[in-house]
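One structure is given below, encoded as structure tokens.
For clarity, every value in this text was computed on a predicted model and none was experimentally measured.
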Amino acid sequence: QVQFVESGGGLVQPGGSLRLSCAASGFTFSRYDLSWYRQAPGKERELVATITSGGRTSYVDPVKDRFTNSRDNAKNTLYLQMNSLKPEDTAVYYCNFAAAPRRSWGQGTQVTVSS
């Protein structure tokens, strides 16, 4: 069974940093393009960043110069390094397949950026 378990969220001040982790299981991790998504209060879930099986990354404009997506295939783990955090980044962050996200989403990890 495919499973994604997100962790690493927390409360940080504006300008601070966090590193999120996503432990995956139930599939051949190295073969798939994976993405981070987030859902802020009162908003729909949105794509944040993607990393292909070959290591190519892409980001939405609001996080382009601040977030870095990476993966460790040996550990079946996806990472999102978030720097220069802003209050607008406050959301629940999820990981999932890039091309065809699972219909049932995981628990996610809460990121709160506030003074």
Original post:
Are any non-hydrogen side-chain atoms of Ser84 and Arg66 less than 4.5 angstrom apart?
Top reply: yes

**OP:** Indicate the atoms forming the closest heavy-atom contact of Leu20 with Gly9, along with that distance.
**Re:** CD2-N, 3.6 Å

Subject >> Heavy-atom donor-acceptor pair, Tyr94 side chain to Phe4 backbone, under 3.5 Å >> reply: no

Original post:
Taking atom OG of Ser70 and atom CG of Leu78, what is their separation to the nearest 0.5 Å?
Top reply: 7.0 Å

**OP:** Please assess Trp36 against Leu47 for the test side chain to side chain contact (heavy atoms under 4.5 Å, CB included), listing each intermediate value before the final yes or no.
**Re:** CA-CA 6 Å; Trp36 286 96; Leu47 175 68; over 6 Å; no

Original post:
What closest approach, in Å, do Arg102 and Val2 show between heavy atoms, and which atom pair accounts for it?
Top reply: NH2-O, 3.1 Å

Subject >> Which atom of Val92 lies closest to which atom of Gly108, heavy atoms considered >> reply: CG1-CA, 3.8 Å

**OP:** Answer with yes or no after comparing the ring centroid distance for Tyr37 and Trp105 against a 6.0 Å cut-off, counting only values under it.
**Re:** yes

Original post:
Checking Arg71 against Phe29: charged group under 6.0 Å from the ring centre and within 45 degrees of the axis?
Top reply: yes

Original post:
Distance from Arg45 atom CZ to Arg38 atom CZ, nearest 0.5 Å?
Top reply: 13.5 Å

Original post:
So, do Phe67 and Asn83 sit near enough that their side-chain heavy atoms are less than 4.5 Å apart?
Top reply: no

Original post:
Would you find a donor on one side and an acceptor on the other, under 3.5 Å apart, between the side chain of Glu6 and the backbone of Cys95?
Top reply: yes

Original post:
Are Ser114 and Gln13 side-chain neighbours, meaning at least one heavy-atom pair lies under 4.5 Å?
Top reply: no

**OP:** Might you work through the side chain to side chain donor-acceptor pair (under 3.5 Å) test for Asp33 and Thr52, ending with a clear yes or no?
**Re:** CA-CA 4 Å; Asp33 298 351; Thr52 69; 4.6 Å; no

**OP:** Mind listing the closest non-hydrogen atom pair of Val111 and Met82 along with its distance?
**Re:** CG2-CE, 3.7 Å

Original post:
How about Gln3 and Val5: do any of their side-chain heavy atoms sit closer than 4.5 Å?
Top reply: yes

Original post:
Checking Arg19 against Tyr79: charged group under 6.0 Å from the ring centre and within 45 degrees of the axis?
Top reply: yes

Original post:
Just checking, any donor-acceptor pair under 3.5 angstrom between side chains of Asp72 and Thr77?
Top reply: no

Original post:
What heavy-atom pair brings Thr50 and Asn69 nearest, and what distance separates the two atoms?
Top reply: C-OD1, 3.2 Å

Subject >> Whether over 12 other heavy atoms sit under 6.0 Å from Gln107 CD >> reply: no

Subject >> Flag side-chain contact, heavy atom, 4.5 Å: Leu85 against Leu18 >> reply: yes

Original post:
Relative to each other, are the rings of Tyr32 and Phe27 parallel, tilted or perpendicular (30° and 60° limits)?
Top reply: perpendicular

**OP:** For residues Tyr93 and Gln110, determine if any side-chain heavy atom of one lies less than 4.5 Å from a side-chain heavy atom of the other.
**Re:** no

Original post:
What are the two closest non-hydrogen atoms of Val48 and Val63, and how far apart are they?
Top reply: O-CG2, 3.8 Å

Subject >> OG on Ser53 to CG on Asn73, rounded to 0.5 Å >> reply: 8.5 Å

Original post:
Could you state the interatomic distance from CG (Leu34) to CG (Leu80), rounded to the nearest 0.5 Å?
Top reply: 12.5 Å

